[in-house]
Asks: 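Questions regarding the structure given below will be posed in turn.
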There are 2 protein chains.
Amino acid sequence: MSVTTAQGFRASGVAAGLKSTGKPDVAVVVNDGPDHHAAAVFTTNRVAAAPVVWSRQVVADRRVDAVVLNSGGANAATGHQGFQDTHATAEHAAGQLGISAGDVLVCSTGLIGLPQPMDRLVPGVTAAVEALGAEGGADAAEAIMTTDSVPKTAVHRGPGYVIGGMAKGAGMLAPGMATMLCVITTDAAVDPAELDVALTEAVRTTFNRTDSDGCMSTNDTVALLASGASGTRPEAAEFQEGLRTVCADLARQLIADAEGAAHEISIQVVNASTEDAAEAVARAVSRSNLFKAAVFGQDPNWGRVISAVGTVPEELAPFDAGRLDVHFNGVQVCRDSGVGEDRELVDLSPREVSVVIDLHAGEATATIWTNDLTHDYVHENSAYSS
Amino acid sequence: MSVTTAQGFRASGVAAGLKSTGKPDVAVVVNDGPDHHAAAVFTTNRVAAAPVVWSRQVVADRRVDAVVLNSGGANAATGHQGFQDTHATAEHAAGQLGISAGDVLVCSTGLIGLPQPMDRLVPGVTAAVEALGAEGGADAAEAIMTTDSVPKTAVHRGPGYVIGGMAKGAGMLAPGMATMLCVITTDAAVDPAELDVALTEAVRTTFNRTDSDGCMSTNDTVALLASGASGTRPEAAEFQEGLRTVCADLARQLIADAEGAAHEISIQVVNASTEDAAEAVARAVSRSNLFKAAVFGQDPNWGRVISAVGTVPEELAPFDAGRLDVHFNGVQVCRDSGVGEDRELVDLSPREVSVVIDLHAGEATATIWTNDLTHDYVHENSAYSS
């Protein structure tokens with residue numbers, strides 16, 4: 001049920017004709033309160049889409065009453081007209097809902113560089129507002145899908161409250177069409193400042209460590225809305241962990257559904273000097289096309305792993321380049337930066353691949369989740385395009 | 001004739017059985033003087049191969065008498081034994097040539113993580129020394145090939161002197177086997193300190209702006225040897241420009257021969273605040289798999305270009321994200337970060353593709369050369385592996 005599992009929320013998803021397939025493409029999520037607290041995290045891409053520019057302003061006062069989402073058009077690289085279209089979308093939804101446009105987040109996903117088809121989007125928002133219901137979470141999750149093969153939802157039940165979320169996207173694996181959007185709702189009573197801290201921290205170790213192909217979208221948005229309808233005020237640490245669980249669950253679903261991928265790869269760096277160092281090393285490996293192609297070929301190519309590790313500057317991650325260990329699915333194929341156990345012992349036919357890199361430089365750990373580089377990836381991103 | 005076009009040099013290339021194909025795999029280049037000045041640039045990868053560790057020490061005194069190169073084995077990730085093997089190779093060559101091992105550079109390329117087959121390499125060096133000749137440049141260029149489909153050589157004739165070079169590699173497009181190695185010789189009389197400055201500057205704007213797939217090898221080496229045999233002492237600026245010409249020529253040949261590539265792409269950033277800013281933006285685009293796959297699909301996808309431009313931090317490259325222009329093969333498909341001329345006007349069927357990005361932020365320019373992301377790239381790097 002995702003965003004409507006928590007009390008105080010209604011949602012809907014309808015087909016407005018933005019997608020050529022006729023599938024649902026407009027969703028609305030409404031927070032009926034009593035609280036209307038919110039936090040959000042956006043792409044750091046400087047070429048931010050109009051909805052991101054708008055929504056940053058909306059969430060600045062930490063109050064959000066509703067979220068309007070559409071697939072079938074990213075409204076990115078659309079200039080002043082694009083911003084006006086986003087503004088008009090928020091005004092229209094606000095009018096229908098009897099709230100202020102300044103409390104309406106807008107999220108869009110689809111092709112870049114095309115004007116929003118407002119003649120279809122506006123009636124779509126009207127229909128979505130009419131369809132709002134306390135059971136509408138599933139419809140909303142379906143309406144935000146682009147190249148996703150399945151809707152992604154997750155729920156965490158804490159003591160006396162619920163956190164639920166929906167997400168779409170394929171880690172930018174499917175390009176013009178692959179923004180990551182996520183809306184999370186909770187009926188816990190949480191102060192806005194706490195929400196902000198909790199969301200930033202949860203995203204840091206989940207969505208931000210999901211790096212399918214290193215490409216950052218112009219539209220990425222993660223929004224968290226709190227209604228307080230449960231009357232429960234959770235302990236900060238407990239809420240934080242619950243939120244992280246939901247984000248981690250959704251992030252893993254994104255990687256699992258990444259288009260063209262044949263493997264889901266976790267790259268865990270252990271015994272680093274700091275968590276930042278561990279993350280930098282894991283990310284360098286996750287961005288090596290040679291490594292990713294090797295995994296596709298079911299080749300536990302530790303040479304490509306340590307070559308990528310070696311590109312991380314020493315000031316970022318101190319380690320002895322002659323003491324690196326690499327494990328593929330539990331087999332230590334590289335020891336002290338040289339040959340380790342027999343690579344024939346590694347079976348890379350399962351979809352899930354674990355790579356563990358030991359830096360022998362401290363006690364910190366970080367994991368990046370990524371995918372392999374496949375023929376289908378090239379096909380998806382060259383044959384079908386905006 | 002490459003490295004033997006300049007006076008004062010002999011070279012050779014022989015088959016020592018390191019390659020399973022039986023093709024030539026050991027080369028030697030000797031500087032007979034009267035000068036033995038040298039400079040070299042190496043990979044910045046911290047997981048540097050044994051020959052790189054050795055050669056850095058050799059060139060520290062700016063004197064080099066000979067270079068031994070082998071394909072069929074990178075001697076990378078081979079630990080202490082790997083270093084001892086490189087040392088033994090230099091000692092053996094020095095003994096054969098009657099010079100000091102401390103003046104012998106060693107360069108290796110091939111698979112990572114395998115011990116050097118010294119039982120074949122040592123007799124190969126003996127044979128290569130016996131085969132040395134003033135016409136041996138072509139044989140040497142052939143012996144350093146790995147997955148290269150053609151040998152790469154270049155010559156520049158200055159007033160009264162010559163610069164010639166050979167290179168191998170496919171921009172790390174072909175992984176375990178794709179180190180970039182380059183030896184350049186000149187009979188100009190140039191002081192060692194000047195050589196060093198000239199080589200560093202020439203590499204900076206040529207090989208270092210050749211970024212086929214973003215993967216940095218453990219073995220990359222560019223060496224420059226000056227014999228002074230012409231007796232000509234060129235003007236510094238003139239020599240600098242000649243050297244840059246040779247490096248640029250060889251770099252373009254590497255991109256042209258990159259395995260699996262269907263397009264050679266030049267990404268030129270113009271009107272940047274600084275050259276560093278221009279380079280950072282061009283490199284970000286060159287590393288976008290989405291952009292590279294689009295070029296393979298002959299799609300002038302400017303949305304993927306500006307998405308990649310937008311990932312460059314403002315402190316690195318100040319520009320107005322709403323004022324970007326993008327040209328594909330001369331057609332301005334993106335104006336002010338929005339739709340420009342009709343994309344149908346762009347023909348991306350030719351192998352050479354020009355992308356020009358105008359930042360409207362200054363007067364500096366830089367160009368990165370790269371390749372597209374193709375099915376053949378994935379195939380080469382997944383099906384065939386170390």
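All chains are named by letter (A, B, ...) in the order of the sequence lines, taking the proteins before the strands, and each is independently numbered beginning at 1. Quick caveat: nothing in here was measured; it's all calculated off a predicted structure.
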Asks: Quick one: what part of A:Q298 sits under 4.5 Å from any heavy atom of chain B, side chain, backbone, both or neither?
Replies: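 It is neither, since no heavy atom gets under 4.5 Å.
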Asks: Below 4.0 angstrom, N of the basic side chain to O of the carboxylate: do A:D299 and A:R343 qualify?
Replies: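 So A:D299 pairs with A:R343 through a salt bridge.
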Asks: What residue, out of B:V339, B:N289, B:T43, has the most heavy-atom pairs lying under 4.5 Å from chain A?
Replies: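 The option with the most such pairs is B:N289.
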Asks: Let me know if A:L324 has heavy atoms under 4.5 Å from chain B in its side chain, its backbone, both or neither.
Replies: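 Only the side chain of A:L324 comes within 4.5 Å of chain B.
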Asks: Tell me if the NE2 atom of B:H80 is crowded by more than 12 foreign heavy atoms within 6.0 Å.
Replies: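 Result for NE2/B:H80: open.
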Asks: Quick one: what part of B:Q81 sits under 4.5 Å from any heavy atom of chain A, side chain, backbone, both or neither?
Replies: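 Looking at B:Q81, nothing touches chain A.
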Asks: Check the side chains of B:T218 and B:N45 for a donor-acceptor pair under 3.5 angstrom, ignoring hydrogens and angles.
Replies: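 Result is no, nothing qualifies.
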Asks: Give, as side chain, backbone, both or neither, the part of B:T374 having an atom under 4.5 angstrom from any heavy atom of chain A.
Replies: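 Just its backbone gets close to chain A.
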Asks: Between B:T44, B:V312, B:D336, which has the largest tally of heavy atom pairs under 4.5 Å with chain A?
Replies: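 It is B:V312.
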Asks: So do the side chains of B:Q332 and B:V326 get within less than 4.5 Å of each other, counting heavy atoms only?
Replies: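 Contact flag for B:Q332/B:V326 side chains = no.
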Asks: Would you say the side chain of B:L348 lies within less than 4.5 Å of the side chain of B:V353, judging by non-hydrogen atoms?
Replies: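 Sidechains of B:L348 and B:V353: in contact.
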Asks: Between B:F291, B:F296, B:W302, B:F319, which has the largest tally of heavy atom pairs under 4.5 Å with chain A?
Replies: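 Greatest number of close heavy-atom pairs with chain A: B:F319.
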Asks: Within the 4.5 Å heavy-atom criterion, are A:W369 and A:I265 side-chain neighbours or not?
Replies: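 Contact flag for A:W369/A:I265 side chains = no.
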Asks: For B:P313, is it the side chain, the backbone, both or neither that has a heavy atom under 4.5 Å from a heavy atom of chain A?
Replies: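 Contact with chain A involves the backbone of B:P313 alone.
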